[in-house]
Every structure is written in structure tokens, then in C-alpha cells.
Amino acid sequence: QVQLVESGGGLVQTGGSLRLSCAASGRTTSSYIMGWFRQAPGKEREFVAVVTRTGGTTYYADSVKGRFTISRDNAKNTVYLQMNSLKPEDTAVYYCAARPTGGILTKDNEYDYWGQGTQVTVSS
């Protein structure tokens with residue numbers, strides 16, 4: 001079992017940057033594949049990025065590729081999402097998720113554990 005807590009969301013102007021953090025407790029993050037998802041108002045939750053247990057492999061949604069970077073610090077039990085060149089369409093609640101097995105997982109129903117989410121709002 002692992003508990004996930006996101007932080008770092010906020011209000012930013014178009015073109016700005018934010019770094020989200022996902023702190024894990026209960027078990028070390030090195031035991032889990034970690035993903036970020038987001039959900040905008042009136043839309044379904046969508047995949048953003050995933051990183052494997054060691055951090056050696058990452059994968060991104062096309063909509064964020066080249067702008068967002070997922071990383072992890074297993075010594076701190078924390079996963080990060082660095083978001084640059086933010087656009088109004090990036091506005092959403094961002095969630096981190098964890099699963100103990102598997103590879104590059106991009107579907108939300110593949111993950112076992114979820115945080116409560118952090119709001120990101122990008123103003124135009």
C-alpha cells in the first residue's frame with residue numbers, strides 16, 4: 001500500500017512553468033511505476049506521463065511532449081512533473097498514480113493508487 005500526495009499546483013500565465021511533486025508514503029516509490037494524469041472540467045481524465053521504477057524510461061502524451069518532464073528521486077520517495085511553456089489547455093487537476101507491476105502504462109484503470117490531485121490553472 002502506498003499513499004500519494006501531490007503539491008505544486010497553482011495559477012500561472014501562458015508560457016510559464018510549474019513543477020508538481022508527488023510524495024509517497026507507506027512504501028518506497030522505487031517499488032512502483034509512477035504516472036501523471038490530468039482532468040479538465042467536463043473532460044475525462046487523460047494520461048500525461050509515466051516513468052518506470054528506476055527512472056530509466058519515460059513516456060509522454062503527444063500534447064505535452066517536449067514541454068513536460070517526468071522524473072523521480074527514489075531516495076526522497078518523490079516523483080516530479082516539470083511543466084514548461086504552459087498553455088491554457090493545460091489547465092486541469094493533475095493526479096499522480098502508482099502501480100507495482102507493469103511497464104509503460106498509459107490508461108488510468110491500470111493504476112492501483114491515486115493522489116487527491118492538485119489544480120493547475122494557466123491564464124491566457
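Numbering starts at 1 and runs along the sequence shown.
Arg72 pairs by the side-chain hydrogen bond (donor to acceptor under 3.5 Å, both in side chains) definition with Asn74, not counting sequence neighbours.
A cation-pi arrangement is absent between Arg99 and Tyr32 under the rule of less than 6.0 angstrom and at most 45 degrees off the ring axis.
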Would Thr118 and Leu20 count as a side chain to side chain contact (heavy atoms under 4.5 Å, CB included) here? Give the steps. CA-CA 8 Å; Thr118 186; Leu20 305 183; 4.0 Å; yes
Between Gln119 and Thr121, does the side chain to side chain contact (heavy atoms under 4.5 Å, CB included) criterion hold? Intermediate values first, please. CA-CA 6 Å; Gln119 176 71 47; Thr121 303; 3.3 Å; yes
Passes side chain to side chain contact (heavy atoms under 4.5 Å, CB included), Asp108 versus Phe47? Steps please. CA-CA 7 Å; Asp108 58 0; Phe47 166 77; over 6 Å; no
Checking side-chain hydrogen bond (donor to acceptor under 3.5 Å, both in side chains) for the pair Ser17/Asn84: CA distance, chi angles, key distance, verdict? CA-CA 4 Å; Ser17 298; Asn84 298 329; 2.9 Å; yes
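Between Asp73 and Tyr80 the shortest heavy-atom distance is CB-CE1, 4.0 Å. Heavy-atom minimum distance, Val2 versus Ala98: CG1-CB, 4.2 Å.
Ion pairing between a basic and an acidic side chain is recognised when a charged N comes within 4.0 Å of a carboxylate O; Glu46 and Arg38 show such pairing. Contact check on Lys65 versus Asp62 returns a salt bridge, with a Lys/Arg side-chain nitrogen under 4.0 Å from an Asp/Glu carboxylate oxygen.
Here the side chains of Thr52 and Ile104 are in contact, with some heavy-atom distance below 4.5 Å. Contact annotation: the side chain of Val120 approaches that of Met83 to within less than 4.5 Å [non-hydrogen atoms, C-beta and beyond]. Looking only at side-chain heavy atoms (C-beta outward), Ser7 and Ser21 come within less than 4.5 Å of each other. Looking at Tyr113 and Gln1, their side chains come closer than 4.5 Å, going by heavy atoms from C-beta outward. Within the 4.5 Å cutoff, side-chain heavy atoms of Leu81 are placed close to those of Tyr94. When side chains are defined from C-beta on, Ile33 counts as touching Val50, because their heavy atoms get closer than 4.5 Å. At least one side-chain heavy atom of Leu86 sits less than 4.5 Å from a side-chain heavy atom of Leu18. Taking the side chain as every heavy atom from C-beta outward, Asn77 and Ser25 never approach each other to under 4.5 Å.
The aromatic rings of Phe37 and Tyr111 lie perpendicular to each other, with more than 60° between the two planes, well past the 30° mark.
Rounded to the nearest 0.5 angstrom, Tyr95 OH and Trp36 CH2 are separated by 12.0 Å. In this structure, the separation between CD on Glu6 and SG on Cys96 is 4.0 Å, given to the nearest 0.5 Å. Taken to the nearest 0.5 Å, the OG atom of Ser71 stands 8.0 Å off from the CD atom of Gln82. Atoms CG and OG1, from Leu105 and Thr101 in turn, are 7.5 Å apart once rounded to the nearest 0.5 Å. Thr91 OG1 to Leu11 CG: the interatomic distance, rounded to the nearest 0.5 Å, is 8.5 Å. Atom SG of Cys22 is separated from atom CE of Met34 by 4.0 Å, given to the nearest 0.5 angstrom.
Counting heavy atoms of neighbouring residues, nucleotides and ligands inside a 6.0 Å radius, atom OH of Tyr59 does not exceed 12 of them.
A donor-acceptor pair under 3.5 Å is formed between the side chain of Thr78 and the backbone N or O of Lys76.
The hydrophobic clustering, which links ILVMFWY residues whose side-chain heavy atoms are closer than 4.5 Å, places Val48 and Trp114 apart.
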